[in-house]
Structure formats: structure tokens, C-alpha cells
Amino acid sequence: MNKPTKKKVAVFASGSGTNLENIARLVQAGKLGCEIALVVCDNPHAYALKRAGNFGLKTAVIERKGFASKAEFDAEISKQLKENGVELILLAGFMRILGPEFVRMWKGRILNIHPSLLPKYPGVHSIRDAYRAKEKETGVTIHFVDEGVDSGPVILQRSIPIQSEDTLEALEERVHAVEYELYPEAIRLFLAGKTQQPSLRAKRSNP
Ligand code: GAR
């Protein structure tokens with residue numbers, strides 16, 4: 001009997017790429033039933049590219065400044081995804097907002113990881129913002145991407161207490177450690193068909 005083919009995923013990263021590396025390591029070890037068909041990066045200097053290279057992953061560096069409009073930038077990304085047979089997008093520290101048309105085209109097939117208990121602290125400095133606001137807890141959220149910024153149906157969320165004696169660095173370390181557990185868990189749920197966007201679910205039950 002033929003082995004079932006593994007879903008082809010693209011991981012999008014802009015910076016350090018530790019989540020990319022974590023996912024790549026699990027895929028390589030056969031602990032995540034998918035194949036990384038492409039790493040998309042909008043920053044040619046990102047360390048994520050070095051990490052991707054260490055795993056022999058195919059990369060596409062697509063810089064926003066290379067395109068006259070955001071729509072053209074998004075279209076180039078879509079083209080590369082199609083050429084590589086990508087079926088699922090994993091945003092892992094991708095610090096660029098994808099346009100509404102792109103998001104609509106991939107709806108239900110784009111996941112994002114964010115280091116806060118969304119809807120609290122969206123944006124770029126979420127761990128620091130929660131820390132400075134003297135919150136008692138922050139956390140990690142994995143969610144489907146919609147047309148908003150760090151918004152969309154939540155797949156998994158885990159809270160992380162902030163201790164009064166915490167330094168920002170210690171908190172960041174704990175948040176990242178949770179990220180490395182929670183993203184793979186959410187990806188496994190998705191691959192097992194155990195996550196559905198509410199809108200898609202509604203559609204399916206009403207053919
Ligand atoms: C991660 O903490 C991720 O949750 C965050 O960027 C970091 C990327 O780290 N994403 C966002 O803030 C999205 N708004 P990494 O490059 O080492 O994986």
C-alpha cells in the first residue's frame with residue numbers, strides 16, 4: 001500500500017527563526033507529519049535563513065522593497081507557494097502583514113504564533129508590553145490568520161504566570177519554551193483535521 005503523502009507546508013520567518021528551527025527539527029525526526037516545502041523570508045539578513053540552510057530547506061527571499069505594491073509582493077509569495085505545492089502556511093515570526101486578498105485566498109490554511117494571550121498585546125513587542133504593564137500573566141497563542149493584525153480564531157492558547165521577581169529576559173525564555181511546545185501541538189491538531197475555522201465549518205454543514 002502506498003504511504004499517505006505528507007502535507008507540504010511553508011514556514012514564513014523574518015528574524016531569528018528559532019520556531020522555524022524547532023519545527024524543522026521535529027519534521028526531520030519524523031515527529032511532525034508534514035514536509036517543509038519552502039521557507040519564505042522577507043529579510044535577506046535574517047538568521048532564519050542560516051537555520052533553514054542547516055536543515056537543507058528550500059528558501060525564497062522575497063523583499064517588500066522589490067515590488068511596487070503590496071499586492072504584487074503578495075502575488076509573488078503566492079506564486080512561489082503554488083510552484084512548490086504548498087498546502088499550509090505557518091507564520092513563525094513573520095513580521096509583515098499579509099494583504100486581505102492573500103489572506104482570503106489562504107483562509108483556513110494560515111496559522112500564526114503570537115507571544116501573548118490574544119486579543120491582549122498584539123503587535124511586535126508583546127512580551128515586553130505585558131511585562132511593563134505588570135500583568136500577572138501572559139502567554140502564547142496559536143491562531144488562524146484573518147484579515148486583522150494578530151487576530152483570527154484561536155486554536156490553542158497557554159497562559160504563563162509573570163512572577164514579581166521576573167526579569168524580562170527570564171520571562172522571554174519561558175514564553176519561547178512554551179512556543180516550542182504549543183506550535184507543534186497546534187500543527188498536529190491541524191494535520192489531524194481537528195481544527196476548523198468556524199466559517200468553514202458552517203459552510204460544510206450547509207452544503
Ligand atoms: C516569536 O516569539 C513569535 O511568537 C513572535 O516572533 C517571535 C519570533 O521568534 N511573533 C510575533 O510577534 C507575531 N506578531 P523566532 O524568529 O525566534 O521564531
Side-chain angles (χ1 to χ4, degrees), residues 9-28 32 34 36 38-55 57 59-64 70 74 77 88-100 102-103 106 110-133 135 137-160 162 166-187 190:
V9 308
V11 182
F12 284 34
S14 302
S16 172
T18 63
N19 279 283
L20 160 67
E21 180 167 321
N22 181 55
I23 292 166
R25 189 172 291 133
L26 291 169
V27 168
Q28 195 179 56
L32 208 48
C34 58
I36 302 178
L38 191 66
V39 172
V40 173
C41 186
D42 61 329
N43 168 13
H45 308 293
Y47 196 71
L49 289 169
K50 169 98 175 71
R51 295 187 202 266
N54 292 343
F55 283 86
L57 298 173
T59 57
V61 179
I62 307 172
E63 286 186 86
R64 172 63 183 87
K70 191 181 173 69
D74 286 354
I77 298 179
L88 169 67
I89 297 172
L90 304 172
L91 304 184
F94 189 66
M95 295 308 190
R96 201 164 275 285
I97 308 300
L98 294 158
F102 182 95
V103 171
W106 286 90
I110 315 182
L111 274 49
N112 182 42
I113 182 163
H114 187 77
S116 79
L117 291 175
L118 289 173
K120 289 185 104 172
Y121 303 106
V124 185
H125 301 293
S126 315
I127 307 175
R128 189 192 70 188
D129 293 347
Y131 180 79
R132 289 194 181 158
E135 294 281 359
E137 60 167 4
T138 186
V140 172
T141 303
I142 316 294
H143 64 97
F144 282 108
V145 171
D146 68 9
E147 288 89 342
V149 177
D150 294 323
S151 68
V154 170
I155 298 170
L156 288 176
Q157 198 162 51
R158 191 179 295 170
S159 161
I160 299 163
I162 304 179
D166 256 335
T167 60
L168 177 57
E169 291 68 31
L171 177 62
E172 282 171 342
E173 210 171 292
R174 289 210 309 286
V175 169
H176 293 311
V178 170
E179 290 191 321
Y180 306 148
E181 283 182 20
L182 211 63
Y183 213 177
E185 210 179 299
I187 296 166
F190 182 92

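All ligand and atom numbering here is 1-based and tracks the order in the structure. As a basis for the values below, the full set of heavy atoms in this structure was taken, side chains included, without hydrogen atoms, waters or symmetry mates.
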request  = Have a look at ligand 1 and work out which part of D150, if any, has a heavy atom under 4.0 Å from it: side chain, backbone, both or neither.
outcome  = side chain

query = So, for P115 and S126, which heavy atoms are closest and what is the spacing to 0.1 Å?
reply = O-CB, 3.7 Å

inquiry  = Counting non-hydrogen protein atoms only, what is the nearest one to atom 13 (C) of ligand 1? Give residue, atom name and distance.
reply    = H114 ND1, 3.5 Å

request  = Return yes if a side-chain donor-acceptor contact under 3.5 Å exists between Y121 and E135, otherwise no.
outcome  = yes

message = Give me the nearest non-hydrogen protein atom to atom 9 (O) of ligand 1 as residue plus atom name, then the distance to 0.1 Å.
response = N19 ND2, 4.0 Å

inquiry  = Looking only at the side chains, is there a donor atom on one of H143 and S151 sitting less than 3.5 Å from an acceptor on the other?
reply    = no

request  = In plain terms, say whether R174 and D166 are close enough for a salt bridge, that is, a side-chain N and a carboxylate O under 4.0 Å apart.
outcome  = yes

inquiry  = Could you tell me, atom by atom, which parts of ligand 1 come under 4.0 Å of a heavy atom of H176?
reply    = 2 (O)

message = Checking a contact table here: which protein heavy atom is nearest atom 11 (C) of ligand 1, and how many Å away?
response = M95 CE, 3.5 Å

key: Nearest neighbour in protein (non-hydrogen) for atom 4 (O) of ligand 1   = E179 OE2, 2.4 Å

Top protein contact for atom 17 (O) of ligand 1, by heavy-atom distance = T18 OG1, 2.5 Å

query = Going by an N to O cut-off under 4.0 Å, is there a salt bridge joining R158 and E181?
reply = yes

request  = Run down the list N22, I113, V178, V140 and name the one with the heavy atom closest to atom 10 (N) of ligand 1.
outcome  = I113

task = Describe, in one word, how the ring planes of F102 and F12 are oriented to each other, choosing from parallel (under 30°), tilted (30 to 60°) and perpendicular (over 60°).
result = tilted

remark   = Numbered in order shown, the ligand 1 atoms found under 4.0 Å of a heavy atom of G123 are 12 (O), 14 (N)

Protein contact of atom 5 (C) of ligand 1 - nearest heavy atom, named by residue and atom, plus distance = P115 CD, 3.7 Å

Heavy-atom pair with the smallest gap, counting every atom of G123 and D150 = N-OD2, 2.8 Å

remark   = If you scan protein heavy atoms around atom 7 (C) of ligand 1, the nearest is G93 CA, 4.3 Å

request  = Please report the closest heavy-atom contact between V175 and I160, naming both atoms and the distance.
outcome  = CA-CD1, 3.7 Å

task = For atom 16 (O) of ligand 1, grab the closest protein heavy atom and report residue, atom and distance to one decimal in Å.
result = G17 N, 2.7 Å

